[in-house]
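Here the structure is a predicted model, which means the values were calculated and not measured. What you see below is based on every heavy atom in this structure, not just the backbone, and it leaves out hydrogens, waters and symmetry mates.
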Amino acid sequence: MGRSDRQPARQYQFWRKAFWARPVLLAFYSLIAGVAGTALLLAVPGSYQQGEAMERAGVCRERAESDCLQPVRAYLDGPHYKRRAGDRWYLRSGVTRARVFDSFDMATSPSNTLQEVGTDTVVTGLAWDDEIVAVKLPDGSMVTTDEYGSSRWWTMALMALFALGTCLLVLVIAIARRRAVGGWWSVRETPTAVGSQSEPQVRLGTPLGWLMACGVLLLAPAALGFLPIMFFASVPLSLAATALGLGLALLAVVRMRRRSGQDSAAMSSASMIR
């Protein structure tokens with residue numbers, strides 16, 4: 001049976017991909033991403049204040065002190081759940097090392113530094129609100145997680161931009177899909193003229209086109225900005241990558257605008273000839 005001879009998905013056939021790609025469900029996915037992105041964006045100022053306070057704070061001299069980094073002497077254990085973009089580490093205490101004080105994620109480069117120190121080494125973890133944000137090694141050097149200082153709020157800002165960009169792009173797909181199938185819940189494509197495309201093209205210069213451009217301008221910088229954070233835990237490199245992503249996104253939008261203008265001119269010329 002050819003692809004064109006297959007029966008379209010019915011209302012109840014939820015095991016098919018077409019069921020979950022209905023325009024109304026795509027719009028719902030967009031709403032979820034938008035709510036998540038907005039919540040993250042609203043949390044950025046508070047995270048920025050915490051990050052700045054964390055960098056200004058020193059190491060606590062007594063347990064009763066507050067607004068400082070609490071030192072925790074424990075055994076380093078890891079890496080666990082090794083990933084390409086980082087690893088999970090533990091700080092264990094006790095004779096049998098059965099008690100876990102906290103687990104924390106390290107980017108690839110800091111994780112390699114911890115591996116050079118070796119597992120079962122006594123280190124000093126620095127905790128902020130009972131959460132390990134940095135580890136002081138026996139030689140006096142310190143490696144930080146993405147929850148320390150500037151990395152804390154910058155990572156959250158990137159996540160917000162990524163979610164909001166995803167929200168706009170999925171919304172564009174939902175609206176374009178709705179125009180193609182003729183309804184928000186439908187999966188069947190409306191009959192089109194011979195030789196025409198079943199999915200309407202989104203052109204810049206239209207509200208839907210500018211919505212797509214805004215989504216690209218949010219998503220591309222955030223995606224590139226994540227890479228240095230995940231691999232090197234470096235905010236300056238992440239800022240440079242974000243700027244690069246924004247430049248590439250602007251270039252793509254300009255090229256799309258030019259192509260849209262050329263297509264509109266060609267269509268106008270064709271209509272005049274007819």
Side-chain angles (χ1 to χ4, degrees), residues 1-41 158-226 242 245-272 274:
M1 182 180 296
R3 186 180 183 86
S4 60
D5 297 333
R6 296 178 181 176
Q7 294 296 325
R10 298 178 180 178
Q11 302 291 334
Y12 59 86
Q13 293 177 339
F14 60 87
W15 57 87
R16 292 193 178 185
K17 182 176 68 175
F19 181 94
W20 300 103
R22 296 173 188 272
V24 67
L25 293 181
L26 292 175
F28 179 68
Y29 306 151
S30 173
L31 177 62
I32 294 176
V35 171
T38 303
L40 288 170
L41 194 61
L158 290 177
M159 293 173 62
L161 294 179
F162 190 89
L164 292 176
T166 302
C167 167
L168 295 180
L169 291 180
V170 174
L171 182 60
V172 169
I173 296 174
I175 297 175
R177 181 67 179 168
R178 186 262 177 194
R179 293 177 180 177
V181 300
W184 284 104
W185 189 249
S186 177
V187 295
R188 297 188 179 185
E189 297 177 355
T190 57
T192 54
V194 178
S196 64
Q197 295 181 351
S198 60
E199 294 285 351
Q201 292 185 352
V202 179
R203 302 179 184 277
L204 288 184
T206 63
L208 199 60
W210 288 119
L211 196 65
M212 180 182 67
C214 291
V216 172
L217 291 175
L218 290 174
L219 187 62
L224 287 183
F226 268 126
T242 302
L246 181 59
L248 293 176
L250 286 172
L251 180 61
V253 170
V254 170
R255 294 188 63 180
M256 290 169 61
R257 176 59 177 167
R258 290 179 179 176
R259 183 176 300 178
S260 178
Q262 293 174 356
D263 294 342
S264 299
M267 291 177 62
S268 299
S269 300
S271 62
M272 292 178 62
R274 292 179 183 177

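- Taking OH from Tyr29 and CG from Leu171, the interatomic distance works out to 14.5 Å, rounded to the nearest 0.5 Å.
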Report, one line per pair, each donor and acceptor closer than 3.5 Å where one atom sits in a side chain of residues 161-168; sequence neighbours left out.
residue, atom, partner, partner atom, Å
Thr166, OG1, Phe162, O, 2.8

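- Ile175 contributes atom CD1, which lies 5.5 Å from atom CH2 of Trp184 (distance to the nearest 0.5 angstrom).
- Annotation: the span from Leu169 atom CG to Cys214 atom SG amounts to 10.0 Å, rounded to 0.5 Å.
- Take Ala160 and apply the side-chain contact (heavy atoms from CB on, under 4.5 Å) test, not counting sequence neighbours, and it matches Leu40, Leu41.
- Every residue meeting the side-chain contact (heavy atoms from CB on, under 4.5 Å) condition with Ala249, not counting sequence neighbours, appears here in chain and number order: Val216, Leu217, Ala220.
- In terms of heavy atoms, Pro23 sits closest to Arg177 at CG-CG, 3.7 Å.
- Closest approach of Leu208 to Arg179, counting heavy atoms only: CD2-NH1, 3.8 Å.
- Between Leu246 atom CG and Leu251 atom CG the span is 11.5 Å, to the nearest 0.5 Å.
- Taking the side-chain contact (heavy atoms from CB on, under 4.5 Å) definition, one finds that Leu31 meets it with Val35, sequence neighbours left out.
- Here Ile32 pairs with Phe28 under the side-chain contact (heavy atoms from CB on, under 4.5 Å) rule; sequence neighbours left out.
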